[in-house]
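Dropping the structure in here first, questions after.
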Amino acid sequence: MQAMIGPQRIVCLTEEPTEVLYALGEQDRIVGISGFTVRPPRARKEKPKVSAFTSAKIDEILRLEPDLVVGFSDIQADIAAELVRRGVEVWISNHRSVDGIVDYVRRLGALAGASAKAGAYADDLQRGLDAIESETALLPRRPKVYFEEWDEPIITGIRWVAELVRIAGGDDVFPELSVEPLAKARILANGDPVVARAPDIILGSWCGKKFRPEKVAARPGWDAIPAVRDGELHEIKSPLILQPGPAALTDGVRQIAGIIRAWSEKPSR
């Protein structure tokens with residue numbers, strides 16, 4: 001029997017490495033996961049939960065004796081630094097685009113000694129996106145789409161979300177903000193810029209709490225927005241779109257594409 005190569009005991013501080021490793025059939029390497037993990041559902045039953053997003057149970061992680069801890073972004077920098085000081089090898093990815101997510105699958109697979117499987121999976125994810133883009137290119141019209149990541153303060157969508165909106169047949173109304181990697185750079189002082197850009201569709205994904213379309217519609221001046229006037233306010237559950245992993249490239253983008261298709265097929269006003 002061939003020995004398993006790559007790290008044998010991986011702790012995943014966010015959901016996307018867990019989802020990728022399960023998809024590759026490498027879940028036996030995972031010894032700890034984020035408490036926010038919902039995909040795949042079985043992971044929550046099979047693996048101990050040792051972290052949130054901005055905090056982690058350092059001592060519990062150390063007891064698991066990981067040979068690799070995988071996290072995401074500057075927000076987990078303090079967790080990573082503490083683990084590194086305690087002698088743990090840590091990889092913090094910082095991908096923010098659709099291409100970055102696809103490449104992340106390849107890189108994580110390579111780290112886990114599963115390059116071939118990861119390459120095939122990444123290719124499959126890309127083919128799925130290409131198929132959606134080909135279908136939505138045939139839609140009779142493209143909506144202007146406003147994506148809201150948080151409500152107080154108002155935070156607009158990150159880059160991979162804007163790119164998935166485009167693939168799904170729409171155009172993000174804040175393209176200049178979407179390229180900003182940090183959430184603080186995507187904060188709007190008030191709702192006036194959204195009113196001015198007059199989106200046809202509003203998508204909400206408030207990380208950690210339920211999107212409230214009636215609350216959004218009641219904001220001062222927002223009754224003039226076409227999306228509010230026409231009742232085009234939709235929730236995309238945060239695990240489907242705010243995790244830079246396979247969920248966003250599959251179920252997330254498909255849900256957005258369905259909303260855009262339904263809008264495009266309505267008689268224009």
Side-chain angles (χ1 to χ4, degrees), residues 36 38 53 73 75 96-98 132-133 136-137 139-244 247-249 251-269:
F36 289 127
V38 296
F53 195 54
S73 88
I75 295 176
R96 306 295 176 124
S97 66
V98 168
I132 291 171
E133 190 167 17
T136 58
L139 295 176
R141 55 197 182 118
R142 297 180 67 88
K144 293 186 293 181
V145 179
Y146 166 60
F147 185 94
E148 187 168 287
E149 191 174 303
W150 193 248
D151 61 330
E152 294 175 346
I154 294 174
I155 302 178
T156 63
I158 199 167
R159 180 175 170 182
W160 73 77
V161 174
E163 292 176 349
L164 290 175
V165 165
R166 179 188 56 76
I167 289 169
D171 294 304
D172 183 86
V173 297
F174 289 105
E176 77 282 8
L177 295 183
S178 70
V179 298
E180 296 287 348
L182 303 182
K184 64 183 179 182
R186 292 180 275 112
I187 293 174
L188 299 180
N190 55 59
D192 293 348
V194 183
V195 176
R197 301 200 184 190
D200 302 297
I201 294 173
I202 292 174
L203 302 177
S205 188
W206 296 346
C207 187
K209 66 178 180 180
K210 183 175 175 57
F211 177 63
R212 298 277 302 279
E214 73 284 355
K215 185 177 177 182
V216 172
R219 290 172 182 166
W222 282 45
D223 55 339
I225 297 175
V228 174
R229 179 194 68 205
D230 299 338
E232 291 285 353
L233 295 90
H234 307 272
E235 180 177 27
I236 308 292
K237 298 290 187 183
S238 56
L240 296 186
I241 196 65
L242 294 184
Q243 301 275 11
L249 305 191
D251 293 349
V253 69
R254 282 196 289 263
Q255 187 173 347
I256 295 172
I259 291 167
I260 290 175
R261 177 175 294 280
W263 174 90
S264 71
E265 291 174 349
K266 287 181 178 179
S268 58
R269 296 185 58 161

ring-ring contact (aromatic ring centres under 6.0 Å, His included) contacts touching residues 184-203 (sequence neighbours left out): none

W206 meets the side chain to side chain donor-acceptor pair (under 3.5 Å) criterion, sequence neighbours left out, with E148

Calculate, to the nearest 0.5 Å, the distance between atoms CD1 and CD1 belonging to I202 and I225 respectively. 5.0 Å

To check you understand the geometry: which heavy-atom pair defines the closest contact between R186 and S178, and what is its length? CD-CA, 4.3 Å

Would you mind reporting whether I256 and I241 have side-chain heavy atoms less than 4.5 Å apart? yes

Can you check whether K209 reaches D151 side chain to side chain, under 4.5 Å on heavy atoms? yes

Do Q243 and V38 have side chains that approach each other closer than 4.5 Å (heavy atoms only, starting at C-beta)? no

Testing the basics here: between R96 and S73, what is the closest heavy-atom pair and its distance to 0.1 Å? NH2-CB, 3.4 Å

Are L164 and F147 close enough that some pair of their side-chain heavy atoms sits under 4.5 Å apart? no

Nearest heavy-atom pair of R141 and K266: which atoms, and what distance? NH2-O, 2.9 Å

To check you understand the geometry: which heavy-atom pair defines the closest contact between V165 and D172, and what is its length? CG1-N, 4.0 Å

Could you pull out all donor-acceptor pairs under 3.5 Å where a side-chain atom in residues 190-201 meets a protein atom, sequence neighbours excluded?
from : atom 1 : to   : atom 2 : distance (Å)
N190 : OD1    : D192 : N      : 2.9
R197 : NH1    : V173 : O      : 2.7
R197 : NH1    : E176 : OE1    : 3.1
R197 : NH1    : E176 : OE2    : 3.0
R197 : NH2    : E176 : OE2    : 2.9
D200 : OD2    : K144 : N      : 2.8

